[in-house]
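Chain naming here is simple, since letters A, B, ... match the order of the sequence lines and numbering starts at 1 in each.
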2 protein chains.
Amino acid sequence: MAEKSEEKVISKAVIRRLPRYYRYLGELMESGVERISSNELSIRMKVTASQIRQDLNNFGGFGQQGYGYNVKYLYQEIARILGIDRQHTLIIIGAGNLGQAIANYANFERRGFIIKAMFDVDPRLIGKDFRGIPVLSMECLDSFIKENDIQMAALTIPKSQAMLVADNLVASGIKAIWNFAHTDLNLPPEVVVENVHLSESLMRLSYKLCYQMDHPGRPKPGKQGGMTNWD
Amino acid sequence: MAEKSEEKVISKAVIRRLPRYYRYLGELMESGVERISSNELSIRMKVTASQIRQDLNNFGGFGQQGYGYNVKYLYQEIARILGIDRQHTLIIIGAGNLGQAIANYANFERRGFIIKAMFDVDPRLIGKDFRGIPVLSMECLDSFIKENDIQMAALTIPKSQAMLVADNLVASGIKAIWNFAHTDLNLPPEVVVENVHLSESLMRLSYKLCYQMDHPGRPKPGKQGGMTNWD
DNA sequence: TAGATTGTTAATCGATTAACAATC
DNA sequence: TAGATTGTTAATCGATTAACAATC
């Protein structure tokens with residue numbers, strides 16, 4: 001029953017690393033570096049050269065034997081793989097501090113994420129705007145999504161309302177949710193979700209700190225042998 | 001040369017899951033559930049029962065054969081493991097929207113993270129306060145950390161200044177950094193860092209969306225066979 | 001006791017690293 | 001060409017899952 005043109009399934013671990021490659025390549029570009037070998041990049045990024053080559057070869061042969069990788073070309077290719085070579089339309093649900101922080105971070109727009117509007121239930125916020133992005137009433141949500149062909153929504157609201165609002169978003173046609181609410185969203189499989197659970201992140205920091213205090217000088221857990229990154 | 005009382009090194013993957021167990025147990029407690037089996041929890045959390053038992057047994061036998069786990073006891077034990085049974089002192093560097101969002105999120109305090117102050121270079125922010133947390137000048141940073149025995153710092157400043165400020169924090173005695181700057185911090189091994197790279201998170205969402213659009217109905221990458229979570 | 005469910009060992013699966021032939 | 005470095009296969013390592021004896 002195996003499909004004919006079976007495409008390789010890319011592992012989650014690889015996807016997690018891709019944006020970091022992209023960031024380093026962007027910095028290399030900015031400093032005028034034209035080519036880089038997997039070995040040199042591996043030193044800068046503190047990963048193995050093997051891993052870099054394996055990761056990239058999931059998507060194609062972007063390098064050249066004896067030369068390495070062309071920084072600009074690889075940068076563009078990773079952008080294409082990540083889908084940030086095209087534009088994405090985005091709305092923010094919840095115009096509190098976190099929603100405002102996202103709205104105010106202009107760099108997202110430079111990467112093709114166009115924030116079209118914010119939504120809130122607070123009448124004191126509705127009608128305001130941030131960098132020209134208007135805060136609208138939640139009552140306009142459904143029609144706005146449909147009329148403006150919105151793909152993505154950042155969910156920066158309390159967890160008590162998150163699941164309900166997420167269902168509404170999906171019903172209106174949203175296909176991707178960037179979830180900052182402190183809860184898991186159970187949604188249909190065709191809807192993709194990326195969670196940013198800040199409280200969990202802070203707990204992990206707490207664990208690391210306590211572990212470090214209890215085991216000074218020890219290799220940190222997660223990898224053997226030494227001062228490896230945790231993430 | 002192996003040490004005598006070799007403690008098992010806990011893998012990164014286990015640590016990543018612990019806060020999620022904690023969250024689910026907290027919710028179970030709130031709904032008045034007293035005991036739960038690994039199997040029932042596995043269904044709710046969409047992980048395997050085996051994984052839950054393996055994860056927990058890294059830290060000790062918290063369950064009872066034929067009974068399962070006492071929800072409240074397990075909740076407390078995980079809090080202890082994560083180090084959130086004690087108090088942590090925290091400052092926020094950068095009083096912009098993101099810093100304010102953290103300062104305004106009262107739940108961190110309920111988990112023992114006491115935010116003592118915020119710091120910024122912007123004179124319009126210095127002197128303000130959020131929920132009673134004052135915004136101080138960066139010039140006070142060193143003395144404040146030393147005089148108030150601050151352990152942790154959230155870094156919500158532009159990446160251009162992040163590395164310099166991080167070095168200063170470490171010099172002043174900070175042992176843990178919650179890094180929101182869009183850059184990696186290279187710090188001494190005794191300093192622990194937890195990164196929250198929002199732009200990378202958004203790129204992963206973009207990848208998932210594009211992948212989903214290209215392969216409708218397919219299992220998502222990362223796991224074989226079906227509608228598993230990405231994270 | 002019988003049933004349930006853990007703790008733990010063994011088996012499987014996947015991801016990382018090492019090695020090297022291919023090739024620029 | 002000789003040297004460098006990739007792409008890719010094989011070996012290793014680690015994490016997850018399955019199985020089941022222990023035991024409440």
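Distances shown here put a side-chain N or O of A:Arg17 below 4.0 Å from the OP1 or OP2 atom of C:dT16. Taking only side-chain nitrogens and oxygens, A:Ser38 never comes nearer than 4.0 Å to OP1 or OP2 of D:dT5. Note on B:Tyr67: every side-chain N or O is 4.0 Å or more away from OP1 and OP2 of C:dG7.
The partner of D:dC20, taking Watson-Crick or G-U wobble pairs whose two distances both stay under 3.5 Å, is C:dG7. Across every strand in view, C:dG14 sits in a pair with D:dC13 that passes the Watson-Crick or G-U test at under 3.5 angstrom.
Here D:dT16 is the nucleotide among C:dG7, C:dT5, D:dT16 with the atom lying nearest to any side-chain atom of B:Gln51. Of the candidate nucleotides C:dT17, D:dG7, D:dC24, C:dT17 has the atom lying nearest to any side-chain atom of A:Thr48. The side chain of A:Arg53 sits closest to C:dA19 out of C:dA19, D:dC20, D:dT17. Side-chain atoms of B:Gln65 lie closest to C:dG7 of the nucleotides C:dT16, C:dG7, D:dT16.
Within 6.0 Å of the CD atom in A:Glu27, the count of heavy atoms belonging to other residues, nucleotides or ligands exceeds 12. Within 6.0 Å of NZ in A:Lys159 there are more than 12 heavy atoms belonging to other residues, nucleotides or ligands.
Regarding A:Asp55, its CG atom lies at a distance of 17 Å from the P atom of C:dG14, rounded to whole Å. Following rounding to the nearest Å, B:Ile36 (CD1) and C:dA4 (P) show an atom-to-atom distance of 17 Å. Whole-Å rounding puts the A:Ile10 CD1 to C:dA15 C1' distance at 13 Å. Distance, A:Gln64 CD to C:dT23 C1': 9 Å, rounded to whole Å. Atom pair B:Asn58:CG and C:dT9:P shows a separation of 13 Å (rounding to whole Å applied). Atoms CG (A:Leu74) and P (D:dT5) sit 16 Å apart, rounded to a whole Å. In this structure, NZ of B:Lys12 is placed 12 Å from P of D:dT16, rounded to the nearest angstrom. When rounded to the nearest whole Å, the span between OH of A:Tyr69 and C1' of C:dT23 equals 14 Å.
Donor-acceptor pairing under 3.5 Å, judged by distance alone, is present between the side chain of A:Ser50 and the base of C:dA18. If you check distances only, the side chain of A:Gln54 does reach the base of C:dT17 with a donor-acceptor pair under 3.5 Å.
You'll find the ring centres of A:Phe108 and A:Trp178 inside the 6.0 Å limit.
Remark: B:Arg35 fails to qualify as a cation-pi partner of B:Tyr69 under the 6.0 Å distance and 45° angle criteria applied to the six-membered ring.
Residues B:Glu200 and A:Arg20 are not paired through a salt bridge, judged by the lack of any N-O separation under 4.0 Å between the basic side chain and the carboxylate.
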